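Keep in mind that what you see is a predicted model, and the values were worked out from it rather than measured.
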Amino acid sequence: QVQLVESGGGLVQPGGSLRLSCAASGSTFSSYFMSWYRQGPGKERELVAAITTNGAITTYADSVKGRFTISRDNAKKTVYLQMNNLKSEDTAVYYCKAVRNFDYYWGQGTQVTVSS
């Protein structure tokens, strides 16, 4: 079992940057596939980015490619989402997810608001 706590969300102007963190505790962090999801107003939750256990492979939603970067530090048991050139469309609650085999865990989410 793993517990996930997101942080780093907040209010930012268009074109600005934020770095989200997801700190894990409990089971072996390095054995989990990690990902970030988001859910905007009136929208379904969507995958934003994902990263393999060793960080060798990453994938991104088309809408964030070139602007967002997912990374992980297994020693710190933390996964990050660097968000640059933010747009109003990025406004959403961002969730961290850990997956190992058929087990999965969600964080509580952190609000990101992009507005002038």
task = Search all heavy atoms of Phe33 against all heavy atoms of Thr52 and return the closest pair with its distance.
result = CD1-CA, 4.0 Å

remark   = Note: Ser17 and Asn84 closest approach over all heavy atoms is OG-OD1, 3.0 Å

task = Spell out, as yes or no, whether a donor-acceptor pair under 3.5 Å connects the side chain of Arg72 to the backbone of Phe29.
result = yes

note = To the nearest 0.5 Å, atom CG of Asn74 lies from atom CG of Asn54 at 8.0 Å

ask   = Linking I/L/V/M/F/W/Y whenever their side-chain heavy atoms sit closer than 4.5 Å, directly or via other members, would Met83 and Tyr60 fall into one cluster?
value = yes

Considering only distance and modelled atom types, tabulate donor-acceptor pairs under 3.5 Å from the side chains of residues 102-116, sequence neighbours left out.
| residue | atom | partner | partner atom | Å |
| --- | --- | --- | --- | --- |
| Thr110 | OG1 | Gly9 | N | 3.3 |
| Gln111 | NE2 | Ala92 | O | 3.4 |
| Gln111 | NE2 | Thr113 | OG1 | 3.3 |

query = So if you build clusters from Ile, Leu, Val, Met, Phe, Trp, Tyr with side-chain heavy-atom gaps below 4.5 Å, do Trp36 and Leu86 land together?
reply = yes

request  = Nearest 0.5 Å please: distance from the NZ atom of Lys97 over to the CG atom of Leu47.
outcome  = 8.5 Å

Joint cluster assignment, Val12 & Val48, ILVMFWY side-chain distance < 4.5 Å = yes

message = Taking Val2 as the starting point, is it possible to reach Tyr95 by hopping between hydrophobic residues whose side chains are less than 4.5 Å apart?
response = no

query = Hey, are the side chains of Glu6 and Tyr94 touching, using non-hydrogen atoms and a 4.5 Å cut-off?
reply = no

key: Heavy-atom check, side chain of Asp90 versus side chain of Arg38, under 4.5 Å   = yes

query = Would Phe68 end up clustered with Leu20 when hydrophobic side chains under 4.5 Å apart are linked, directly or stepwise?
reply = yes

request  = Begin from the C-alpha positions of Lys77 and Ser25 and carry the test side chain to side chain contact (heavy atoms under 4.5 Å, CB included) through to its verdict.
outcome  = CA-CA 7 Å; Lys77 297 183 178 181; Ser25 63; over 6 Å; no

key: Check: Met34 and Leu4 side chains under 4.5 Å, non-hydrogen atoms   = yes

task = Could you tell me whether a side-chain N or O of Thr58 sits under 3.5 Å from a main-chain N or O of Ile70, the two making a donor and an acceptor?
result = no

inquiry  = For a quick test of reading the model, state the closest non-hydrogen atom pair linking Ala49 to Leu81 and the distance between them.
reply    = CB-CD1, 4.2 Å

query = Which atom pair, heavy atoms only, marks the closest approach of Thr91 to Pro41?
reply = O-CD, 3.7 Å

Shortest non-hydrogen contact from Ser21 toward Thr78 = CB-CG2, 4.2 Å

